[in-house]
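Single-structure report; data block below.
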Amino acid sequence: MKHILIILCILTFIPSTVNAKLGFEYPAIPVELTQPSQRAGFLLRNYWQSIDFKKTIADRDAEEFEQYFADFVNLFPHAEESDVTAAIDSLLEQVNVNNSNLHLVIAFAEKYLFEPESPLYDEEYYRLFLNKELSLPEINRNDKIRLQYQLDATNKNPVGSLTTDFEFETIEGKKMNLSQIVIDKNILLIFFDPDCDHCRDILGRFTNGETVEELNPEQLKIVAIYSGEEKDLWNDFALSLPENWIVGYEPMKIYDEDLYVITSMPTVYLLSPKKIVLRKNIVL
């Protein structure tokens, strides 16, 4: 795969190659840069130097450009954050000369870094794109509203932060807060809808002790929360869930006060025992 070639290029000098269609050429990394992070940083900062973004990327070349973009993103974890930020800013400034190319890059950044199903999903990196995109005067008002919503979403309960606390009612009728859960295990916080077939499937698999997406229910404390108005529906469904789970009902405050971004069901967070967000929007 191309991204493997690029990573190898960081570690050892590989002569640049030219793509006949796009004219893409990997920059030659100076031999005096010996540290992997230095080489990755140089490659990122100079990655797009061979592309003339004034020319619209044709539809027939978009797929190939997308692969180069994915390879570009694959380099981010290998470089210093300052180099990643500089590389993103440079790319967006270069494509800003052509509206079609600009929106192509914006679409690819969203696809690879903001969609939870993407293997490269990373809201921290996507936030760097959003901050730069929102500063561009060429972005129209409707696009800025959408991008600002996404930026707000990435800033809500980000990885490494203390998750937002909220009160809920347990199946026993007890009121408690997420912060009051004292446990020495990581917590799998699942927002679900009892009327959602996919939610029932996922919760059923955990109920049966299956490991889902490398998450072993025996090593976790599962906290399943329904935020909605149909309490009776929740109550009937909650009774079918394991007794060692914490199953809660929350009457829409999470939505009304926009405490969490819940765009699909189930929405899943992995928290530390101290309620620090370890992973966000886990796809199960």
Side-chain angles (χ1 to χ4, degrees), residues 1-10 13-29 39-79 83-151 153-154 283:
M1 294 178 67
K2 291 187 177 70
H3 72 268
I4 296 177
L5 173 62
I6 295 178
I7 300 303
L8 289 175
C9 191
I10 298 171
F13 176 75
I14 295 178
S16 299
T17 57
V18 179
N19 175 272
K21 290 182 180 179
L22 292 175
F24 181 89
E25 184 175 0
Y26 293 115
I29 303 174
R39 298 176 72 81
F42 179 90
L43 186 54
L44 279 172
R45 286 174 177 267
N46 297 277
Y47 191 87
W48 302 105
Q49 65 182 13
S50 61
I51 300 293
D52 181 3
F53 283 113
K54 293 180 181 178
K55 299 178 181 178
T56 299
I57 296 172
D59 290 343
R60 67 178 181 275
D61 298 330
E63 183 176 350
E64 190 151 11
F65 177 70
E66 180 176 356
Q67 181 60 65
Y68 284 114
F69 182 86
D71 293 342
F72 175 70
V73 172
N74 256 306
L75 284 167
F76 290 176
H78 301 275
D83 287 323
V84 175
T85 302
I88 290 171
D89 288 353
S90 176
L91 169 60
L92 288 168
E93 288 167 3
Q94 290 178 70
V95 300
N96 196 33
V97 299
N98 183 301
N99 195 58
S100 175
N101 292 342
L102 173 61
H103 281 84
L104 193 62
V105 169
I106 289 175
F108 288 156
E110 180 176 347
K111 175 180 178 179
Y112 283 96
L113 292 170
F114 191 60
E115 295 182 6
E117 295 81 5
S118 167
L120 300 178
Y121 167 75
D122 191 307
E123 289 190 351
E124 298 298 313
Y125 291 138
Y126 190 53
R127 189 180 298 119
L128 300 178
F129 273 94
L130 290 170
N131 285 328
K132 182 63 177 180
E133 290 165 5
L134 285 165
S135 74
L136 300 176
E138 290 75 11
I139 302 296
N140 65 45
R141 180 175 179 275
N142 289 335
D143 284 340
K144 282 197 172 183
I145 290 173
R146 179 176 61 83
L147 296 173
Q148 184 62 55
Y149 171 81
Q150 293 178 348
L151 181 60
T154 66
V283 176

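Treat the numbers as computed from the prediction; the structure is a model and nothing was measured. All residue numbers in this chain count up from 1 along the given sequence.
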Inter-residue atom distance Glu93.CD - Phe53.CZ, 0.5 Å rounding: 12.5 Å
Quick one: do Glu64 and Phe24 satisfy side-chain contact (heavy atoms from CB on, under 4.5 Å)? Show the steps, please. CA-CA 10 Å; Glu64 190 151 11; Phe24 181 89; over 6 Å; no
side-chain contact (heavy atoms from CB on, under 4.5 Å), that's the test. Do His78 and Leu43 meet it? Break it down for me. CA-CA 11 Å; His78 301 275; Leu43 186 54; over 6 Å; no
Quick one: pull up CG in Asn99 and CD in Glu138 and give me the separation to the nearest 0.5 Å. 8.0 Å
Yes or no on side-chain contact (heavy atoms from CB on, under 4.5 Å) for Leu102 and Ile139, after CA distance, side-chain angles and deciding distance? CA-CA 9 Å; Leu102 173 61; Ile139 302 296; 3.8 Å; yes
Please list, chain by chain and in numerical order, all residues satisfying side-chain contact (heavy atoms from CB on, under 4.5 Å) with Asn98, sequence neighbours excluded. Thr56, Ser100, Asn101
By side-chain contact (heavy atoms from CB on, under 4.5 Å), Leu128 pairs with (sequence neighbours left out) Val84, Thr85, Ile88, Tyr125
Taking Leu91's backbone N and O only, do any of them form a donor-acceptor pair with Tyr47's side chain (distance below 3.5 Å, no angle check)? no
Just how far is it from atom CD1 of Ile57 to atom CD of Glu66, taken to the nearest 0.5 Å? 11.0 Å
Heavy-atom pair of closest approach, residues Pro27 and Gln49: CB-NE2, 3.5 Å
Taking atom CG of Leu44 and atom CG of Leu75, what is their separation to the nearest 0.5 Å? 5.0 Å
Check the angle between the aromatic planes of Phe69 and Phe72 and answer parallel, tilted or perpendicular using the 30° and 60° thresholds. tilted
Considering only residues two or more places apart or on different chains, which pairs with a residue in residues 112-123 satisfy salt bridge (Lys or Arg N to Asp or Glu O under 4.0 Å)? Glu123-Lys280
Here the salt bridge (Lys or Arg N to Asp or Glu O under 4.0 Å) pairs for residues 48-62, sequence neighbours left out, are none
Return the CG to CD distance between Asp89 and Glu133, rounded to the nearest 0.5 Å. 10.5 Å
For the residue pair Phe65 and Phe108, does the interplanar ring angle fall in the parallel (under 30°), tilted (30 to 60°) or perpendicular (over 60°) class? tilted
Among residues at least two apart in sequence or on other chains, which ones pass side-chain contact (heavy atoms from CB on, under 4.5 Å) with Ala153? Phe114, Val261
Shortest non-hydrogen contact from Ala28 to Phe42? O-CE2, 3.4 Å
List for me each residue that meets side-chain contact (heavy atoms from CB on, under 4.5 Å) alongside Arg127, sequence neighbours excluded, and say none if there are none. Glu124, Asn131, Leu151, Thr154, Asn155, Pro158
The reported gap from CG in Leu92 to CD1 in Ile106 (rounded to nearest 0.5 angstrom) is 7.0 Å
Can you name the closest pair of heavy atoms from Lys111 and Ser118 and give their distance? O-CB, 3.5 Å
